[in-house]
There are 2 protein chains.
Amino acid sequence: MNVKIPKTTVSRLSIYLRALNRLEEEVETVSSRTLSEIVGFTAAQIRKDLAYFGQFGVPGRGYYITSLKEGIMRILGINKDWSVALVGAGHLGRALMAYKGFKQQHFIISAVFDKDPEKVGKNYLNHKILSMDELPRLVRERKIKIGVVTVPSEEAQNAVNALVNSGVKAILSFAPATVNVPPQVKLNRVDLSIELEGLSYFLTQGKK
Amino acid sequence: MNVKIPKTTVSRLSIYLRALNRLEEEVETVSSRTLSEIVGFTAAQIRKDLAYFGQFGVPGRGYYITSLKEGIMRILGINKDWSVALVGAGHLGRALMAYKGFKQQHFIISAVFDKDPEKVGKNYLNHKILSMDELPRLVRERKIKIGVVTVPSEEAQNAVNALVNSGVKAILSFAPATVNVPPQVKLNRVDLSIELEGLSYFLTQGKK
DNA sequence: TGGTGTGAATGCCTTCACAGCG
DNA sequence: CGCTGTGAAGGCATTCACACCA
């Protein structure tokens, strides 16, 4: 188990998992071929991806969905709940509070923080908004490892700093800004306009 | 100009653009080296990326920010405004309506649709919510090429179909579901829990 | 027979290193 | 001298093709 695993492989595992959740209700096993038609990657790729992590499949039959699902969840580390701290209770933050997909994938928004004194103390979607002063204590007490940042660009670095200083190990940022983190902290960014820019490039340059 | 351009290159262009917007206020030129420190890719990569599209830089000086910015915008196709149709006026949809980054990058939410009769006719954040019945007419009239889907998973395929049938050429979907589009239509997906799953994998498997 | 797991081959992207220009 | 643009080399990731297993 000492081979390097492509990071592209990891990102596909989540997608297989989604498909398996649906398939599980209908059938017991699935072949790499039929799974490939659902998720859109080649069958060879799916087999190779799964083989990195051990022997999941049965020759002649395919993969037993339930056990494959559990295997993937264990690999991804979502076989147990993760507590998440959310910083920024604006529109996007509230959208994430309302987003059902999180809980399904074992991500629990454990605490929500905002800088705005107007918002602190209020309740949005069953989450009480807390002051930034309480962030260090709560992150430590609840052993929160993941932070989600949904503040305006100008505030992004401050929010990230507060999280990192309190011991968070991974951050997902939605701010369209470059932020810096120490090397041992993992930072992922989702930038909504970048997604659209990819589309406009496709439309102007044409398919190729 | 007949070489193939890596799609990874295209996705980085947007990031350069962000950095240039900030830099433009302070300096006139920037070298690939200093830009690399801001965006986090190597200097060689930046030079190679830009070289795919022509001679932007000046040896000994670097890149003139204003003209490089314009060049990238032209390449990405965001030198003019894009009209976008938004389907789904739930929390996430409203977050996108409020998101200032869109307008800055020349994406204008031109029409917002929802299936829920309760919402139709109401105004959210200066956008009047329209019935799905009006979608085909408006998409055609306004020549909308890009659709954004922020409906629940069960409705995602319906929303996508409505957009595709009305002539939309590219779609950005936020629904955590596999949806099908005809091959000439470009589909990008953003899945919020997949982003978090990447982080939990990092935390459980450790750095490598 | 049907379908996995996997070396080997291919293709794509990144990094290196340096010629050449301002 | 500093910095770009770019062939060449190297490193990842995907696809192919087939031995082997239920």
Side-chain angles (χ1 to χ4, degrees), chain A residues 1-16 19-20 23 27-69 71-72 75 198 201 205 207-208, chain B residues 1-16 19-20 23 27-69 71-72 75 198 201 205 207-208:
Chain A
M1 214 277 207
N2 229 348
V3 284
K4 281 210 41 175
I5 290 153
K7 34 191 156 188
T8 45
T9 290
V10 176
S11 70
R12 282 188 296 265
L13 289 182
S14 315
I15 298 178
Y16 302 151
L20 293 171
L23 282 168
V27 287
E28 204 186 348
T29 66
V30 64
S31 70
S32 57
R33 164 83 84 98
T34 56
L35 189 52
S36 86
E37 280 157 19
I38 298 173
V39 298
F41 310 117
T42 67
Q45 178 144 76
I46 293 173
R47 291 201 300 279
K48 180 139 280 201
D49 282 346
L50 298 177
Y52 280 116
F53 302 99
Q55 315 274 101
F56 281 114
V58 182
R61 302 201 138 261
Y63 298 88
Y64 281 87
I65 295 179
T66 309
S67 73
L68 177 57
K69 232 188 75 176
I72 294 180
I75 294 163
Y201 175 79
Q205 303 298 314
K207 53 254 31 169
K208 97 174 16 155
Chain B
M1 213 274 211
N2 230 346
V3 285
K4 282 210 41 176
I5 290 152
K7 35 191 155 188
T8 45
T9 290
V10 176
S11 69
R12 280 188 297 265
L13 290 182
S14 315
I15 299 177
Y16 302 152
L20 294 172
L23 283 169
V27 287
E28 203 186 349
T29 66
V30 65
S31 70
S32 58
R33 164 83 84 99
T34 55
L35 188 52
S36 85
E37 280 156 18
I38 298 172
V39 298
F41 310 117
T42 67
Q45 178 143 75
I46 293 173
R47 290 201 301 278
K48 181 138 279 201
D49 282 345
L50 298 178
Y52 280 117
F53 302 99
Q55 316 273 100
F56 281 114
V58 182
R61 302 200 137 261
Y63 299 88
Y64 281 87
I65 294 179
T66 309
S67 75
L68 177 57
K69 231 188 76 175
I72 294 181
I75 294 164
Y201 174 80
Q205 303 298 313
K207 52 253 33 164
K208 97 173 17 155

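Please read all numbers here as calculations on a predicted model, not as lab measurements. Order of the sequence lines fixes the chain letters, A, B, ..., with proteins taken first and strands second; residue numbering starts at 1 for each chain.
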(message) Could you tell me how far apart B:Glu37 (CD) and D:dC3 (P) are, to the nearest whole angstrom?
(response) 11 Å
(message) Measuring to OP1 and OP2 of C:dG3, would you say a side-chain N or O of A:Ser32 lies under 4.0 angstrom away?
(response) no
(request) Could you state the atom-to-atom distance from CD1 of A:Ile46 to C1' of C:dT6 in whole Å? (result) 16 Å
(message) Distance check needed: C:dG11 C1' versus B:Lys4 NZ, whole Å only.
(response) 10 Å
(request) For the residue pair A:Arg47 and A:Ser32, confirm or rule out a side-chain donor-acceptor distance under 3.5 Å. (result) yes
(message) Without decimals, in angstroms, what is the distance between B:Tyr16 OH and D:dT4 P?
(response) 12 Å
(request) Any chance you could measure A:Ile38, atom CD1, to A:Leu23, atom CG, to the nearest 0.5 Å? (result) 4.0 Å
(message) With a 6.0 Å cut-off (strictly less than), is the heavy-atom count around CZ of B:Arg12, excluding the residue itself, greater than 12?
(response) yes
(message) Using the side-chain hydrogen bond (donor to acceptor under 3.5 Å, both in side chains) criterion, which residues pair with A:Thr42? Sequence neighbours excluded.
(response) none
(request) Rounded off to whole Å, could you give me the CD1-to-P distance for the B:Ile5 and C:dC12 pair? (result) 14 Å
(message) Between C1' on C:dT4 and CZ on A:Phe53, what's the gap in Å once rounded to a whole number?
(response) 17 Å
(request) Please determine if a side-chain N or O atom of B:Tyr63 lies less than 4.0 Å away from the OP1 or OP2 oxygen of D:dG5. (result) yes
(message) Output one letter per nucleotide in nucleotides 14-22 of chain C: B when a protein non-hydrogen atom lies under 4.0 Å from the base, S when only the sugar-phosphate is that close, - when neither is.
(response) SB-B--BBS
(message) Is any side-chain heavy atom of B:Ile46 closer than 4.5 Å to one of B:Tyr16?
(response) yes
(message) Just the rounded figure in Å: distance from C1' of D:dC3 to CG of B:Leu50.
(response) 13 Å
(request) Check the distance between C:dG3's C1' and A:Glu28's CD and give it to me in whole angstrom. (result) 16 Å
(message) Quick check against the 3.5 Å criterion: does B:Gln205 have a side-chain atom that pairs as donor or acceptor with the backbone of A:Ile75?
(response) yes
